Amino acid sequence: MTSWHARFVSPDNEFGGAPLLRGEFLLEEGHGEVLSATLFVSALGVVEAWVNGKKASEDLLTPGWSAYEWRVRYSEVDVTALVGPTTVLGLALGNGWYRGRLTWTGASALYGDELAGFAELRVRFADGHVQVFGTDSSWSAGASATTSNDLYDGQDIDARKYDDGWLAPGFASPEWVGVLVLDDDLSRLEPYVGPPVRKQMELEPVRVWESPSGRVLVDFGQNVVGWVRTEVVGPEGAVVTLRHAEVLEHGELGTRPLRTAEATDRFTLSGRADVFEPSFTFHGFQYVEVAGWPGGAGALQSHGGLTAVVVSSELRRTGRFETSNRLVNKLHENTVWGMRGNFVDVPTDCPQRDERLGWTGDIAAFAPSACFLFDSQGFLRDWLRDLTLEQQHQDGIVPFVVPDVLKYVNHSAELPDPVTTALWSDAAVWVPWALWQAYGDRRVLEEAFPSMLSHARRLGQLLSPNGLWDTGFQFGDWLDPDAAPEQPAEAKADRHVVATLCAYRTVDLLARIAQVLGDASAAAEFGAMADGLRAAFNEHYVQGGVVKSDCTTVYALAIVFGVLNQADVEFAGDRLAGLVEAAGHRISTGFAGTPFVTDALTATGHLDTAYLLLLQTECPSWLYSVTNGATTIWERWDSMLPDGTINPGDMTSFNHYALGAVVDWLHRCVGGLAPLEPGYRRILVAPQPGGGLTWAKTTLETLHGLVCVRWEVIREDELHLVLVIPAGTEAVLRVPGAADEVLAAGAHERRFPWKSKASVLAVGV
């Protein structure tokens, strides 16, 4: 929509940072019945809308977080059932990402210091007439019951200030003031591409008790993202305080990982039965410390009153995976919860501390997993719009985070100015490629292609005369488990070896993407660039099959990305397996290597080693956190140390999804379900049992319908498969020792002789 009647309006008073806006109008007469009424809503800040006293939608934190400088989204809501002869529109504003605190620097109002609301209601009548009413100078503003709000710090609500009268026709109050009409560029208003944030489910406490220090603690049994709805009766003016955290330490709330985020909600009671729901903040938590509850812990235990409200972007669950191993199942479930909690409008690194930023490296590593677990196409297409905008305004640099607020803060002591960086900046190519493989929608590639070209050409300018990417800042194999807690970038893998490998993968993928889009010139350009990188890598970084720095990550990347000369692949696979075995089948990779290490082992005939790595429970390992009670994926392999204390590093989260990228291997190699063509029009069914697993079941809702692969090892010598292939597709069944079989749509059952040491097949990534 290019022409708007409404304008952004700002209250002529701060009102504690959470003002209310209202406007009232009469429906025009003589045009017949109302056929439709559509409300368009946005804000500089976050907004909730009402029409005639009813919530306009279930959307939360509208308009979310985008590159506000160039793009502010609006939601479109059908409110036909809510309009009447007299209609009152109401908006409640919060600070959100626009004006709230962002980053660990303490900075706030990075996008602007004025909150503003935008609403336009378009009413269509039977005779075709359209009446338009929206935010303008006729609106007024007043205070809400929210006295402070911040995404990091929490929300304060005073129930004594609730007054629903502001939504009634004819409301007037001397405490309400006028509004300022902002001279704002409405051309940056865009519709959502991705889904809104909404409530997903509710959880009741599993335990209420007193800590050793006498504090009242509540456990919800699951690390979630959202808030606690509180129902309480107590004396007027009494304050109930809820402080949130993910873990306990020494029997008390473990708040150190929050850093400066207060994660605290305060509710002032009215003296009546109060219900508090702080929807202008969100917390990452499993545990809540409660202070000021009327009657103390005993009353809370007896009568309840606390409910965890789980929020996330409204993503449809598509992929599921289950095996005979309960620990592997829990690892998969933890990854699902980690994604759910970190996909709150932006794919964030963590949802609890003073950060919650859209780090590009995390989603570059995790995108294939995300696209299997949930329908992530709209969500990630929306985010890629912001990546492109940030890149366009930063001389082609894909920043560390999107939206990029780091460009506004003084972070020189910890990070350099934005630069093109391996894996992180490569999200410009890796994420669209994952979307293309999962959904087969050319629009994703077409939309992202200019961004990909810009990134790859800038990358080409950064290569040294020797053809390597061996200069400049790199995160490298971030969070290598052998690095000291305060030195997360000090990995075993040489950071420039990692950078050159990532550069090769990026331009190799881009050459393939150019072929899909029919751009022969770009395909040739980046095919040649890939050839040059490959040759330089093998000349300078490979000697006698040994890859420089001789560690698990460099071999994993070199094998999976296909950069090695064929004569060196077998040696690299054997060396990788030997390093994994020498480490006691414990993890020795960080962010760069972890998504690919099991694939590299599988592709080079070391499936048993891959399973031993997967099933290790000693630290560091995927299952160490599972056996220590984790319900999400941790940021560090040892976020919680074996003695029950929190990792001493300043950067420790218990809800990151990046290291959960192993589930992509679980789906393709253990479960046996992968696309042979983008979008699963042709499907590869190639399960590779091992690790003592006796069965696995993998399902995926594709664009064509449900795919189901279930295998079971019977009596240790027979593999039984049950398959469902959706209409309009076909599958290739590939089992070691048998010829490939093409399967038409429908249900199939097959039995094969099975040997536990059967040959291993590579499944493409």
Side-chain angles (χ1 to χ4, degrees), residues 349 359-365 397-401 406 411-430 455-456 458-508 533-534 536-543 546-561 563-564 572 575-576 579 587-597 600 620 635-637 649 651 658-659 661:
D349 59 326
W359 286 92
T360 45
D362 295 56
I363 193 59
I397 295 172
V398 177
F400 305 145
V401 300
L406 295 181
H411 53 79
S412 57
E414 300 171 6
L415 291 174
D417 291 332
V419 292
T420 298
T421 310
L423 181 60
W424 277 253
S425 298
D426 292 322
V429 176
W430 295 16
H455 168 56
R458 183 176 182 83
L459 193 159
Q461 296 170 1
L462 297 173
L463 301 182
S464 296
N466 60 13
L468 302 172
W469 192 5
D470 59 1
T471 61
F473 171 82
Q474 297 291 347
F475 287 104
D477 194 26
W478 186 256
L479 284 174
D480 180 319
D482 294 320
E486 296 299 341
Q487 301 292 329
E490 295 303 312
K492 298 182 293 296
D494 182 287
R495 64 189 64 192
H496 295 122
V497 174
V498 171
T500 303
L501 284 163
C502 290
Y504 173 80
R505 184 185 195 226
T506 288
V507 296
D508 180 56
L533 278 160
R534 189 172 188 270
F537 183 89
N538 283 281
E539 178 184 354
H540 296 286
Y541 286 151
V542 184
Q543 188 169 10
V546 176
V547 178
K548 183 179 179 180
S549 60
D550 193 33
C551 64
T552 47
T553 285
V554 296
Y555 288 111
L557 299 184
I559 291 166
V560 174
F561 295 174
V563 74
L564 294 174
R575 179 60 178 153
L576 173 61
L579 289 169
I587 287 287
S588 57
T589 50
F591 269 36
T594 296
F596 304 105
V597 63
E635 178 178 22
R636 296 177 182 266
W637 299 108
M651 185 188 70
L659 298 179

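We're numbering straight along the sequence, starting at 1. Nothing here was measured: the structure is a model prediction, and the numbers come from that model.
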- Mind checking the OG1-CG spacing from Thr500 to Leu468? Nearest 0.5 Å is all I need. 4.5 Å
- Message: Just verifying a value: how many Å separate Thr506 OG1 and Trp430 CH2, rounded to the nearest 0.5 Å?
- Response: 5.5 Å
- Task: Starting at CG of Leu463, measure out to CG of Leu533 and round the result to the nearest 0.5 Å.
- Result: 5.0 Å
- Message: What I want to check is whether the side chains of Asp494 and Tyr541 have a donor and an acceptor closer together than 3.5 Å.
- Response: no
- Task: Return the minimal non-hydrogen interatomic distance between Gly593 and Leu557, and the atom names on each side.
- Result: CA-CD2, 4.4 Å
- Item | pair Asn538-Leu564: side-chain heavy atoms closer than 4.5 Å | yes
- Task: Could you tell me whether the side chain of His455 reaches within less than 4.5 Å of the side chain of Asp426, counting heavy atoms only?
- Result: yes
- Task: May I ask you to decide if Gly590's main-chain N or O and Asp477's side chain share a donor-acceptor pair within less than 3.5 Å?
- Result: yes
- Say whether His540 and Asp470, considering side chains only, have a donor N or O and an acceptor N or O under 3.5 Å apart. no
- Gap separating the NZ atom of Lys492 from the OG atom of Ser549, nearest 0.5 angstrom: 9.5 Å
- Grab the two heavy atoms, one from Val498 and one from Ala592, that are nearest each other, plus how far apart they are. CG1-CB, 4.0 Å
- Go through Leu462 and Thr471 one step at a time and tell me if the side-chain contact (heavy atoms from CB on, under 4.5 Å) criterion holds. CA-CA 8 Å; Leu462 297 173; Thr471 61; 5.7 Å; no
- Item | Thr421 side chain to Val419 backbone, donor-acceptor under 3.5 Å | yes
- Task: Measure the acute angle between the ring planes of Trp424 and Phe591, then classify it against the limits of 30° and 60° as parallel, tilted or perpendicular.
- Result: parallel
- Is there a donor-acceptor contact under 3.5 Å from the side chain of Gln474 to the main chain of His496? no
- Compute whether any side-chain donor of one residue and acceptor of the other, for Thr553 and Thr589, lie under 3.5 angstrom apart. no
- Task: Report the C-alpha distance between Glu490 and Arg495 in whole Å, list the side-chain angles of each, state the deciding distance to 0.1 Å, and finish with yes or no for salt bridge (charged side-chain N to carboxylate O under 4.0 Å, His left out).
- Result: CA-CA 9 Å; Glu490 295 303 312; Arg495 64 189 64 192; 3.6 Å; yes
- Note on the structure: In terms of heavy-atom contacts, Ala503 and Leu459 come closest through CB-CD2, 3.5 Å
- side-chain contact (heavy atoms from CB on, under 4.5 Å) between Leu479 and Arg636, intermediate numbers included: CA-CA 7 Å; Leu479 284 174; Arg636 296 177 182 266; 3.6 Å; yes
- Between CG on residue Asp508 and CZ on residue Phe561, distance to nearest 0.5 Å: 10.0 Å
- Would you call Leu423 and Phe475 a side-chain contact if the rule is heavy atoms closer than 4.5 Å? no
- Which atoms form the tightest heavy-atom contact between Pro488 and Pro485, and what is the distance? CD-O, 4.2 Å
- Note on the structure: What one should report as the nearest heavy-atom pair of Val554 and Leu501 is O-CD1, 3.9 Å
- Which pair of non-hydrogen atoms, one from Ala499 and one from Ala422, has the smallest distance, and what is that distance? CA-CB, 3.5 Å
- Query: Angle class for the Phe473/Phe400 ring planes (parallel below 30°, perpendicular above 60°, tilted otherwise)?
  - Reply: tilted
- Could you grab the distance from atom CG of Leu406 to atom CG of Asp417, nearest 0.5 Å is fine? 10.5 Å
- Query: Val546 versus Arg575: any side-chain heavy-atom pair under 4.5 Å?
  - Reply: no
- Message: Is any side-chain heavy atom of Val547 closer than 4.5 Å to one of Val497?
- Response: yes
- Message: Quick one about Ser464 and Trp469 (side-chain donor to acceptor, distance below 3.5 Å, no hydrogens or angles considered), yes or no?
- Response: no
- Say whether Thr552 and Ser588, considering side chains only, have a donor N or O and an acceptor N or O under 3.5 Å apart. yes
